[in-house]
Amino acid sequence: MKPALFDFAVAQSLSDAQSALLGGQNKLVSGNQSLGPMLNLRLTRPAGLVDISRVPELRAVEEHENYVRFGAAVTHAEIEDGEVPDPTGHWMRNAAANIAYRAVRNRGTIGGSLAHADPAADWVIVMTGLCAMAVVKGAAPDATLRTIPMEEFITGPYSTALGPEDILTAIDVPKPGQGARWSYWKYTRQVGEFAKASAAILIDPANNRTRITIGALGRQPALISNPETILDGSKSPMEALSVAIPDQPATALHLHAVALSRALEQIKVAKEFSA
Amino acid sequence: MADGQDVKERSKGIGARLMRKEDDRYLNGKGRYVADIRMPGMLELAFLRSPLAHARIISQAKPDQTDSWVFFGRDLDGVSGIRAVSGLPGFRPSTQPILADEKVRHVGEPIAACLADSRAKAEDLAEKIDVVFDELPAVHDMTKARDKESPLLHEDWEENSFLESNADINFEAAIAEADVIIKRSFKTARQCMAPIEGRGLIAVWDRNLELLTLYSATQMPHIVRTGLADCLNMDHGQIRVIAPDVGGGFGYKGILLAEEVCACYLAMKLDRPIRWIEDRREHLIAGANCREHSYEITGYAKADGELLAVDCTAIVDSGAYSSYPFSACLEAAQVASILPGPYVMKGFRCKTWSVATNKPPILPFRGVARTGVCFALEVLLDGIARELKITPEAIRARNLVQPEQMPFTNITNKFFDSGDYPEALKRAVTAIDLDGIRKEQKGQTGRTRIGVGLSIFCEQGAHGTSVYHGWGIPMVPGFEQATARLTPDGGLELRVGVHSHGQSLETTLAQIANTEIGIDPEKIKLVHGDTAYTPYSTGTWGSRCIVMAGGAVGSACELLGERIRKIAGHLMQADPADIKLEGGMASAGRSTISIEEVARTWYLKPQLLPDDVDPRGLDVVAGYKTTKDTGTFSYACHAVKVEVDMDLGHIRLLDYVIVEDAGTMINPMVVDGQVYGGAAQGIGTALFEEMCFDASGQPLASTLADYHLPLASDLPNIRIEHMETPSPLSRFGQKGIGESGAIGPPAAIANAVNDALSFIGAEVAEVPMTPERVLSAIAQAEFSKTTEGDVA
């Protein structure tokens, strides 16, 4: 279980990283928590790896009036430990604290997780659930940053809207409005596992955002249409999910309905957000 | 000597909770494992392994110009495959090739050996080898392996079965009075042993000494040496096996590996040190397989709960080959002989098959077959109790062997040396607060339910010649030997052929020596893990070390003590019979002399020795056997409280009690450690660990992301209570305890889950109890309730 030969370079700047991507031979790596095992199993064989974990642009965190922009190379641990601001009060910190286990969180990055797009990864569902935006830079030196809603950025299992020479540079997480509530419930049998089913609920009346997100589906998360009908009890989780995720086998459907029920129980007692 | 000091000295001997001598090395990262060893000029070995479960090899081609670095089976001149033939009638022997060149019989079987100066480069070579296969249908389901249409693994066999066994003891007569007959089918998954350190080795050929030295992560260095000598057709004297620090064994490290034979041959052929470090993927898919059983079991009982007889058909999925030295028959032979457990019954019938499948050989894992049979029998008993509407504790109390029956010979002729099983049950029931849990259950509604489960079993440890001779396998344990040597400074060297890799023998054997001859454990050095320095031994397995090596150390120290007394008596002008050895001193009345002075006299001042001194000196070898070699019987009762989430099928362990009788405990802290570690593995068997295969024989878990081990966060705070009934058979009353913890958890936890779900009549019958299996048991019970309702 040793990787096939590859070249290794450390990018000092975003333009370093972007020039490394030209030609399609190299892969960017930051925390290396998903790519590393795949390299060792020789499931992936890039000609070269370019470490972007120290690129200053990707490490930056900017606070704006309505959102916080997290550089893609911010680690789960930095979010967990409050070393960077949490626009949601503590929602992001709590989610970060339950990603895998601490050794993974020390190295794994929010951008790496989203660009890898494991269907069961926490940030994939949490960022979708929080109405976050992916910030993407194209290859052309004069390319402007594109912002893409997370539900459009994740396009399938391990697949995203990133072009071969694009870099996910940052994630914009909106600040919730006064009185917003949030719950995120995932089923993992053991600590450190990827979730078998998960559900996130955001109720943010001030910003007119109400969102129910179902994750760990083996593909991109599903957004439930008319979430109000579930929140007011007129539709049961099972009824709603039978329509929303008809592709899932019965046992998975059941598990996701349980996840949604538990997220609903949690949101009833969730504390209201206050800036 | 003051009394207080006396007690202090004694506190380092048998019974003391002495801190481990090993701790400094292990806890400070100073252990030296095979992978820590490097040799000048060393090559790394990687294997090309079969990607298919069953196939004929049509052709093999090496990459260009790699003849000196890539080797096939045909290149291993004069090397024999591994054979472990049981003498039991009807046993079909297999030959496990060192490198398969005609046929592959499981995924992961080595086909080619590749050498390079780094492991990555050796793996690069392996990728470039071209092998053409003719794929055959794979045998993956043990229950169908013997079907006529199943393809044969070993083509000269009539069916895919190593061995069939039949036992019938008074069965028909016993069942005549039965009021209830309860049938169940049970399965235990194929598991992997997963010690923290996998296998690993360095083979070195010394051309001047004509000596092959194998550093190997093994728990049985002498047996590996014997097996190697057979396969390589060499004299024992040309082979030395060194087992340095070893990171857990559990049975896997007792097996002679094809990889070991191959590396040794290549080290001699190329005259270069060769290292192979098993990686986790090899470990999981090709190596450490164990535990896979299937049971059809029926219990016959009277209305008052008396168990009359048990009838069982058991299949053990033995995999592709009979592995050395335990053979493919050990597991099933154990099933047939230990299934009755600690219960008295009038009749017993058991049929077993050790079937061959296209999977890696099944190997004996901590507890061997006991974990499976305890699961089958104990879960069946709860089924009978539910049917008869009596409690689980009552049916056990009704049928357990009673203390006044000891020593007791059970229905399969197992000799129970001592113990009070009903007392263990009673204590466990009290400690878990079974009455309290019953009250708590009465108030329950909803889909989260608690349950309580019990399991009780015995563990035969240190069983010797008479037992193993009966199974006719390549290795039969006899007298266990130990060497005790007083050094000139009054220190003591103990040499044993068993190996310590978590058993804490460096401490416990020193405690035994301390009790015998009063030398401080700090001054006692245990030498083990090197065939050049230690007496021959079958090694560490079967919960035997503390009884056998402990007994041997006791005997050797007793002999050494006599010789010390004789010299000391001469120096002090005292009668040797009056001399006590305590606190590093030899004393008779008011006269004392240090043991160090006695040692110096023998080695450095021989002019002071008596004329009739024993010329064999202060270096003795002694052999030891228990007074009857049928084994010590430790036993335990496990009691567990669980919570079952009926929506998720998720099981939480809320409380766990183990009441354990290890006989005389040499070091209670070490006993606790053994029980905790075993219980964690048993919980793994119960809830998590499973190596699945698809219909083509492909293993579906090749990393620890897919093969789920129990984690610290999955384990409850296990509470241990000790009973101490000395064994009448062993030197100090001690009983083997090493495997015990791993035996009880699947049965106890399954009983607790079934208790929690009894209000809907759901039962789980297969381990691990994954959420999917729990949900399916619930769905089945709820479905049959609905259909019953429809009929009504």
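Lettering follows sequence order; numbering is per chain, from 1.
In this structure, chain B has no heavy atom under 4.5 Å from any part of A:P37. In this structure, chain B has a heavy atom under 4.5 Å from the side chain of A:V258, while its backbone stays farther away. For B:L709, the part lying near chain A is the backbone, with the side chain staying farther off; criterion is any non-hydrogen pair under 4.5 Å. For a residue to count as touching a neighbouring chain, one of its non-hydrogen atoms must lie under 4.5 Å from one of that chain's; by this rule B:L687 touches chain A with backbone and side chain alike.
For chain A, the option among B:E282, B:E127, B:R119 with the highest count of heavy-atom pairs below 4.5 Å is B:E127. Most heavy-atom pairs under 4.5 Å with chain B, from the set A:H254, A:R42, A:R262, A:E193: that is A:R42. Ranked by non-hydrogen atom pairs under 4.5 Å with chain A, the options B:I651, B:L775, B:L648 are led by B:L648.
The shortest distance between side-chain heavy atoms of A:R189 and B:T770 falls below 4.5 Å.
Interatomic distance, A:L5 CG to B:D124 CG, rounded to the nearest 0.5 Å: 7.0 Å. The distance from atom CG of B:D645 to atom OH of A:Y187, rounded to the nearest 0.5 Å, is 7.5 Å. In this structure, CZ on B:R280 lies 14.0 Å from CG on A:N40, to the nearest 0.5 angstrom. Between the NZ atom in A:K196 and the CD atom in B:E772 there is a gap of 6.5 Å [rounded to 0.5 Å].
A pairwise comparison of heavy atoms in A:P3 and B:A120 identifies O-CB, 4.1 Å as the closest pair.
Side-chain atoms of A:Q190 do not come within 3.5 Å of backbone N or O of B:H708 as any donor-acceptor pair.
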